[in-house]
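Both ligands and their constituent atoms are indexed starting at 1 by order of listing.
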Amino acid sequence: MCGIMGYVGSEPAVDIVLAGLKRLEYRGYDSAGLGIVDDGRLAICKTPGRVKALADDVAKCWAPELRQRALAGIGHTRWATHGAPTRENAHPHLDAKGRLCLVHNGIIENFQALRARLEQEGHSFLSQTDTEVLAHLIGEFYEGDLLRAVCAALKHVEGAFGIAVLAAGKPDEIVVARRGSPIVLGLCETGALVASDAAAIMSLTRNLVYLEDHDVAVVHPGGIDVRSVDNVPVSRPVTVADWDTTAAEKGGYAHFMLKEIFEQPEALTNTLRGRLDPREGTAVLGGLDMTPREINEISRLVLLACGTSLHACQVAAYAFEELADLPVCVEQAAEFRYRNPIVRSTDLVVAVSQSGETADTLAAVREAQRKGARVASICNVVGSSIARESGRGVYLHAGPEIGVASTKAFTCQVLALSMMALKFGRCRRLTREQGLACCQAYEALPGVVRQVLEQHEAVRAIAGEIARANHVFYIGRGTLHPAAMEGALKLKEISYIHAEGYQAAELKHGPIALLQPDVPVVALANDPRSLDKTLGNMQECRARQAPVYAVVAAGETAANAVATRVLEVPRQPPLLASIPAAIVVQLLAYYAALARGCEIDQPRNLAKSVTVE
Ligand code: F6R
């Protein structure tokens with residue numbers, strides 16, 4: 001949710017930490033702060049607003065000599081959870097005696113009880129945050145050994161956190177800890193780095209050490225000492241990052257979202273790479289680590305996810321039922337954990353998450369594991385918590401997704417899940433010929449997406465009309481129903497236009513009451529199997545004078561007489577119709593937001609990775 005960056009070494013820390021924070025801004029951006037050790041004292045600078053505002057404040061408040069002298073610093077870019085995005089609530093927070101400062105991602109669940117206890121003991125707090133309470137708690141245990149104080153304090157803490165702590169008089173160490181919120185460490189030529197996300201430090205090092213839950217570590221200029229919270233040394237492997245940092249930059253596009261929409265042909269190619277077996281008509285998904293017999297014994301599939309990833313699961317449910325003859329249950333991860341779900345040992349639970357850090361999905365994975373289910377995951381971020389904890393799964397290899405609105409992850413998730421459905425199908429009831437047809441359709445997807453992208457100007461023209469509306473409906477049937485919900489989600493989150501995604505027939509069971517000339521309907525009707533029925537629903541909308549923008553499969557002319565405008569996309573097998581439809585709705589949302597002058601990559605109130613429940 002928020003971003004943490006830290007550096008300790010032989011170079012001025014301020015610029016390194018600010019540069020890292022800038023790269024993390026997509027994770028949280030309502031306030032930011034920086035803490036450094038200078039001449040045995042702590043200096044803190046915090047500001048509401050973006051990292052640029054923090055950099056300006058730093059330049060104003062700290063003399064150039066001070067900025068050059070300080071060789072250790074920690075910084076934070078915040079997405080508010082406790083308390084408004086003000087200077088007081090921004091991190092770092094100091095302990096009561098001002099001897100240490102702390103930045104924190106996550107939520108301390110028992111902070112109110114801790115705060116009340118500390119207040120009784122005479123502490124007073126400057127902010128509403130749970131983080132300041134943790135800083136004070138660590139301060140209570142601090143007698144010169146920072147690691148020991150952090151370990152002692154964390155024993156009293158409930159909740160999720162990734163933290164970095166800097167102490168006055170300790171210019172050559174940062175102490176970090178992780179429980180539920182990622183922390184990655186790295187050594188570079190001039191010192192050591194701390195971050196909540198590898199993207200922050202990859203321009204300086206590619207050798208990364210990921211902390212596990214309950215790890216603490218002391219980070220020195222020349223080394224990293226990882227321990228358990230009981231202060232016992234533990235060893236964590238060095239992972240060499242293999243993705244390109246330029247992939248995390250905009251590459252000439254106006255926004256990350258647009259870049260990510262347009263790189264979908266390449267992302268899908270990467271998801272496919274080496275995973276189709278054209279001789280046997282199946283998919284090769286080694287990371288699943290399941291024998292054909294084990295796959296055959298699965299009695300039910302449970303798909304867990306949130307948001308866009310949930311929509312990808314809802315699309316894929318059709319493929320698992322149709323190709324693999326498997327009952328599928330798609331679960332909103334946030335509900336799964338709390339309603340005592342029935343899980344059998346023959347169930348396979350698959351968690352789907354772009355970031356691999358979504359707290360609700362991670363909690364659901366743990367609940368499924370507690371109940372004895374076999375769990376796998378589909379994640380994009382390699383080494384993320386969900387990927388590691390599920391232990392088996394499929395990576396998307398879609399490259400970093402920086403735009404807050406998820407785009408390429410959706411299409412790659414649908415593809416990865418479809419390949420899983422093919423593999424399961426071939427272990428259960430699909431013939432080789434049927435499998436080969438699937439392989440061919442999957443292989444053709446990057447080209448299909450390219451063709452839809454070529455029509456971006458036509459989509460932009462429709463978006464110009466939609467941008468004037470206050471309410472928009474998206475409708476679809478079959479796999480195009482979740483695609484419609486995805487379209488509505490995209491429009492809402494970046495253009496702030498109220499939108500609803502409905503199963504097309506469902507509209508007349510109530511929501512049709514809202515239709516009028518200024519409420520457009522986007523009809524996803526590019527599955528010829530259900531076109532006739534959707535045409536009927538479009539007629540119902542037109543009868544209420546609502547403009548209807550229809551997406552149909554190439555060559556289908558029937559919609560021309562009904563819709564206000566028609567967009568043709570390449571014809572696909574019904575199970576894959578959501579892919580061209582998704583590209584259209586992503587472009588629609590993007591161009592509508594652009595027309596309304598919205599902040600597309602960093603929409604209000606949203607953060608890229610939702611690591612709180
Ligand atoms: C919408 C969006 C969110 C995420 C959701 C799950 O554009 O990005 O709805 O899809 O927060 O995130 P992941 O996939 O990282 O678990």
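- Looking at Gly403, Ala405, Ser355 and measuring to atom 15 (O) of ligand 1, the nearest heavy atom belongs to Ser355.
- No part of Leu310 comes within 4.0 Å of ligand 1, judged by heavy-atom distances.
- The contact set between ligand 1 and Val404, taken as ligand atoms under 4.0 Å from a residue heavy atom, comprises 7 (O), 8 (O).
- Between Glu493 and ligand 1, an N or O atom pair is found at a separation short of 3.5 Å.
- Applying the salt bridge (charged side-chain N to carboxylate O under 4.0 Å, His left out) test to every pair with at least one member in residues 574-600, sequence neighbours left out, gives these pairs: Arg50-Glu599.
- Residue contacts with ligand 1 leave out Ile386, since none of its heavy atoms falls under 4.0 Å from the ligand.
- Those atoms of ligand 1 that come under 4.0 Å of a heavy atom in Ser353, given as number and element, are 13 (P), 14 (O), 15 (O), 16 (O).
- No donor-acceptor pair under 3.5 Å is formed between the side chain of Lys408 and the backbone N or O of Gln264.
- Between the side chain of Arg337 and the backbone N or O of Ala333, no donor-acceptor pair lies under 3.5 Å.
- Heavy-atom separations between Glu357 and ligand 1 are all 4.0 Å or longer.
- Rounding to the nearest 0.5 Å gives a distance of 6.5 Å between CG of Leu258 and OH of Tyr253.
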Assess the residue pair Asn380 and His397 against the criterion (side chain to side chain donor-acceptor pair (under 3.5 Å)); give the C-alpha distance rounded to whole Å, side-chain angles, the decisive distance to 0.1 Å, and a yes or no.
CA-CA 6 Å; Asn380 190 33; His397 299 311; over 6 Å; no
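- Ligand 1 has no nitrogen or oxygen under 3.5 angstrom from a nitrogen or oxygen of Thr361.
- When the options Arg178, Arg179, Arg388 are evaluated for a salt bridge (Lys or Arg N to Asp or Glu O under 4.0 Å) with Glu212, the one that passes is Arg388.
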